[in-house]
Structures are given as structure tokens and as C-alpha cells.
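Sharing a structure here in C-alpha cells format.
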There are 2 protein chains.
Amino acid sequence: MARSATTSDAFNAVAEPQRRRILNLLTQGERSVNDVAGSLCLKQPQASKHLRVLKEVGLVSVRGSGQQRLYKLNGEGLKPIHDWVKTFERFWNESFDRLADYLNELQTREQSNEHKE
Amino acid sequence: MARSATTSDAFNAVAEPQRRRILNLLTQGERSVNDVAGSLCLKQPQASKHLRVLKEVGLVSVRGSGQQRLYKLNGEGLKPIHDWVKTFERFWNESFDRLADYLNELQTREQSNEHKE
DNA sequence: TTGAAATATTCCCATAATGGAATATGTTAC
DNA sequence: GTAACATATTCCATTATGGGAATATTTCAA
């Protein structure tokens, strides 16, 4: 077997630095392909190809506007990564002098959750 | 150019599902190679190879203990991923009914940070 | 020293990715 | 229809992967 496809999930799609740069840019709003290419010093075809991957894994959506195609960030797609990595938070918060703060934060979060449901 | 090496950074190392499973397991404490292989139904060589990658990017550390080598999670290595993905949090918290809660949490976090420094 | 256990490495194969370059497809205006 | 712009796709070369299988290496015990 080979490495899994970049289009297999968000983890693989986001492993490529250029694609992370694209997502960072889309944080500021919709962008056309040429805008993306221009802002990040990519050639148009590569921008288009990266955007295709991001679209396939649901990290962006597209809509046509005239002869342009506007790509928009779909942040939800990153949640799986966030959720996974979050379970490791305690491994860098665990120094003793910060543990108290950390526990505090957890508690605050829990209250906030109760409030939501 | 080809895809960047799995050993180039945490993002790439963690794109492989088996390696995420290994990290999840190491959450519970040090494990020998055979423990890892056994717990996750991997063959010994593959476990060893995945652990090598994780070690190369600093996500685990090793120490010898008799004829075993005990691998230990180094959670700090995941912080870059956490930090990156964190900047997208607002994109799934942004529904109006939760925005207030979100801002609240941000504020709480800030106070907590002031307290730390 | 010899053997057994634990781990690491090597070789092979099928698969796939990235950037570059060229080209195809689409859309709009005239 | 045609020119011009925007975007997508295809082909290429290089590089690397992950699993399987076999083997090498290290470490300990007797």
C-alpha cells in the first residue's frame, strides 16, 4: 500500500503547507482562483489543483460568479483535527505551575457547555 | 517535486491513521514496541517503523529498558497543529446563538493568560 | 558462548503526489 | 462567431510511501 490519498481526509489534505496557506488566506473571505494564486505566489494551475483537493475533502466550497469561481472556507471541516489534537492538550499544559489554571479552564468550559445544552 | 516526507513535520507524520492510533495509545503511558504492535494489531516491523517516524519529528521519545525500548508520548510536538487549527475555531463557533459564549470563553482565557504571565 | 527475546533494518512492490508546462474548457463582451 | 479572460485538466518526471517478508542487530540470561 502507498501513502493514503491527500483527498482521503482533512488530515492528509492539510499536511501540505501550501494548502494550509490557502486556508489561512480564505480566513479573510472568499477568493477567486487568481486571487489565491496571486496572493500566495502560486501559479494558477497549482492553485486550482490545491483548491480541488480542499474542495474534495470539504474544507472549502465554491460558487461561480461570472467567469470566476469564488472559493470559501468551510471551517467545520477542520473540526476533526481540532477534536483529535485537543485530547493531547494536557500534555503541554501539564507543568505543575499551570495545572491549576488548566483545571480551572476545564471547569469554566464545562459550565459553558451546560449553559449551552 | 513529490509529496513532502512524512518526517518533515508533525502535520505529515500525523496524517497517517496508524500513527495517530499509536499516539492515542501512548496517551496512557510508555509502551514497548511489542505492546504497541499487540494493542493495535500491527506487525512488529510496522510498529517499529511508525515509531521511528514519530521519533524523527519529535512526537515521541525513547528510552531503553533491558532489551525493550519504551516509547513515550511527547505531546508538545502536537502544539503546532493545535495552534494552527485553533485559529479556525471561530468558523464552527460562529453560529449566532453561540457567539456570545465563544466571546466569553475568549475573555476567560485572556484573564487566565494574564494570570500566568 | 550460545540461545532466545525484543527491536530495527532492508528489499520489494504498488500507489500516488507535487510542480512544471502545455492545453482544454468555460464564460463574458463585442 | 471570436477574442480575451478565468479556470480546469492532462501529461511528465521525481520522489516517497506503507505493508509484507526476510533478515540483521541488540540485549539479556544461563
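Chain A is the first sequence line, chain B the second, and so forth, proteins listed ahead of strands; every chain is numbered from 1.
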Hey, is the side chain of A:Asn34 poking within less than 4.0 Å of OP1 or OP2 on D:dT7, counting only N and O atoms?
->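 Result: yes.
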Do the side-chain N and O atoms of B:Asp35 and B:Ser39 include a donor-acceptor pair separated by under 3.5 angstrom?
->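 Not at all, the side chains of B:Asp35 and B:Ser39 share no donor-acceptor pair under 3.5 Å.
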Quick check, are the ring centers of B:Phe88 and B:Trp84 under 6.0 angstrom apart?
->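 Judged by ring-centre distance (under 6.0 Å), B:Phe88 and B:Trp84 do meet the cut-off.
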If each of A:Thr7 and A:Lys43 is mapped to the nucleotide of DNA chain C with the nearest heavy atom, which maps nearer the 5' terminus, i.e. the 5' end?
->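 That would be A:Thr7.
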From the list C:dT9, C:dA22, D:dG18, which nucleotide is the closest neighbour of the side chain of B:Arg19?
->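 That would be D:dG18.
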Across the strands shown, which category fits A:Thr6 at heavy-atom distances under 4.0 angstrom: base, sugar-phosphate, nothing?
->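 Sugar-phosphate contact only - A:Thr6 comes under 4.0 Å of backbone atoms but never of a base.
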What's the closest nucleotide to the B:Ala2 side chain, out of D:dT9, D:dT14, D:dA22?
->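 The answer is D:dT14.
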Using atom CD1 of A:Ile22 as one end and atom C1' of D:dT7 as the other, report the distance to the nearest whole Å.
->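 After rounding, the reported distance stands at 14 Å.
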Would a distance-only check, ignoring hydrogens and angles, find a side-chain to backbone donor-acceptor pair under 3.5 Å from A:Arg69 to A:Val62?
->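 Side chain of A:Arg69 to backbone of A:Val62: no pair is present.
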At under 4.0 Å between heavy atoms, what does B:Ser32 touch on the DNA or RNA strands: base, sugar-phosphate, or nothing?
->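 Sugar-phosphate, no base atom in range.
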Calculate the interatomic distance between B:Arg31 atom CZ and C:dT7 atom C1'; express it in whole Å.
->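 To the nearest whole Å, that distance equals 18 Å.
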Write down the distance between CG (B:Leu51) and P (C:dT7), rounded to a whole number of angstrom.
->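 After rounding, the reported distance stands at 10 Å.
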Phosphate-side-chain proximity, B:Arg52 and C:dT9, N/O vs OP1/OP2 below 4.0 Å |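 Affirmative; the distance criterion is met.
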For A:Leu70 and C:dT27, what is the distance between atoms CG and P respectively, to the nearest whole Å?
->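 My rounded result for the distance is 14 Å.
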Donor-acceptor pair under 3.5 Å, A:Glu16 side chain vs C:dA17 base =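 Result: no qualifying N/O pair found.
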Distance, rounded to the nearest Å, where B:Asn12 contributes CG and D:dT15 contributes C1' =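 So the two atoms are 14 Å apart, to the nearest Å.
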Integer-rounded Å distance: D:dT7 C1' and A:Lys55 NZ |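 Whole-Å distance recorded here is 11 Å.
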Please check the phosphate of C:dT27 (OP1 and OP2 only) for any side-chain N or O of A:Gln68 closer than 4.0 Å.
->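 No, A:Gln68 has no side-chain N/O under 4.0 Å of OP1/OP2 on C:dT27.
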So does A:Gln44 reach the base of D:dA8 with its side chain, donor to acceptor, closer than 3.5 Å?
->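 Present.
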Check: A:Arg19 side chain, A:Leu51 main-chain N or O, donor-acceptor pair, under 3.5 Å |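 Looks like no, no N/O pair under 3.5 Å.
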If you pin A:Arg69 and B:Gln46 to their nearest nucleotides in DNA chain D, which one's is more 5'?
->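 Nearest nucleotide further toward 5': that of A:Arg69.
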Minimal non-hydrogen separation, B:His50 against B:Ile22, with atom names |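 The pair with the smallest heavy-atom distance is CB-CD1, 3.6 Å.
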Side-chain donor or acceptor of B:Gln67 under 3.5 Å from a matching atom on the base of C:dA5?
->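 Side chain to base: pair present.
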Report yes if a side-chain nitrogen or oxygen of A:Tyr71 is closer than 4.0 Å to either non-bridging phosphate oxygen (OP1 or OP2) of D:dA6; otherwise report no.
->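 Indeed not, no polar side-chain atom of A:Tyr71 lies that close.
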For the side chain of A:Met1, counting heavy atoms from C-beta on, which of C:dA16, C:dA8, D:dG19 is nearest?
->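 Output: D:dG19.
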A:Leu42 CG - C:dG20 P separation (whole Å) =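 It is 9 Å, rounded to the nearest whole Å.
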Would you mind telling me which residue lines up with the more 5' stretch of DNA chain C, A:His50 or A:Arg3, judged by nearest nucleotide?
->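 Mapping each residue to its closest nucleotide by heavy atoms, the 5'-most match is A:Arg3.
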Flag the pair B:Asn74 / B:Leu59 as yes when at least one side-chain heavy-atom distance between them is below 4.5 Å, and no otherwise.
->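 No; the side chains remain at least 4.5 Å from each other.
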